[in-house]
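Take a look at the structure below.
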Amino acid sequence: MECAVGVPSRWVVRFHSGETIELGADGYTEADGYLIFGVLVNATTEEKDDLERLWQVRYGPQRTEAIIAKIPAAAVADVWAAES
């Protein structure tokens, strides 16, 4: 498996508790009360079976977005893209 669009961006998540984490992701979306961070990857069928995925790209059967973090939105104070 490999990243499909190069090196993922750095994201900083600051929680209401004051703690922060940094993630490498191509982006994130909010769904069902969670912030879901993902990375676009090229993966074989076998590799995809081991991934939790957001969606499948129609025009590229090997391309999919792998979920790398699922964080309860209620716990998050701020999210921003950090400089690389």
Side-chain angles (χ1 to χ4, degrees):
M1 183 174 1
E2 61 186 32
C3 290
V5 292
V7 177
S9 299
R10 282 181 46 218
W11 292 87
V12 178
V13 179
R14 184 172 57 90
F15 295 93
H16 292 293
S17 66
E19 295 175 292
T20 62
I21 61 171
E22 290 190 27
L23 302 166
D26 291 326
Y28 74 95
T29 188
E30 189 169 347
D32 299 324
Y34 288 92
L35 299 182
I36 304 170
F37 291 83
V39 175
L40 191 62
V41 297
N42 292 321
T44 65
T45 302
E46 295 80 21
E47 289 169 329
K48 285 192 278 186
D49 288 343
D50 293 331
L51 295 175
E52 184 174 2
R53 297 179 285 154
L54 287 175
W55 48 269
Q56 177 69 42
V57 178
R58 267 192 242 153
Y59 58 84
Q62 290 188 318
R63 191 163 287 183
T64 191
E65 186 170 8
I67 295 174
I68 59 153
K70 194 172 181 180
I71 301 169
V76 175
D78 289 311
V79 177
W80 65 92
E83 290 187 31
S84 297

Just list the side-chain donor-acceptor pairs under 3.5 Å for residues 71-80, sequence neighbours left out, or say none.
residue, atom, partner, partner atom, Å
D78, OD2, R14, NE, 3.4
D78, OD2, R14, NH2, 2.1

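Residues G24 and I68 share a closest heavy-atom pair of O-CD1, 2.8 Å. Nearest heavy atom pair, residue V39 against residue A25, reads CG2-CA, 3.8 Å.
I21 and V12 fall into different hydrophobic clusters, where Ile, Leu, Val, Met, Phe, Trp and Tyr residues are linked whenever their side-chain heavy atoms come under 4.5 Å apart, directly or through other members.
Of the inter-residue distances, the one linking I67 atom CD1 with Y28 atom OH reads 15.5 Å to the nearest 0.5 angstrom.
The salt bridge (charged side-chain N to carboxylate O under 4.0 Å, His left out) pairs that include a residue from residues 25-39 number zero, where partners must be two or more places apart or lie in different chains.
Residue V7 belongs to no hydrophobic cluster, having no ILVMFWY side-chain heavy atom closer than 4.5 Å to its own.
Every salt bridge (Lys or Arg N to Asp or Glu O under 4.0 Å) that E22 has, sequence neighbours left out, goes to R10.
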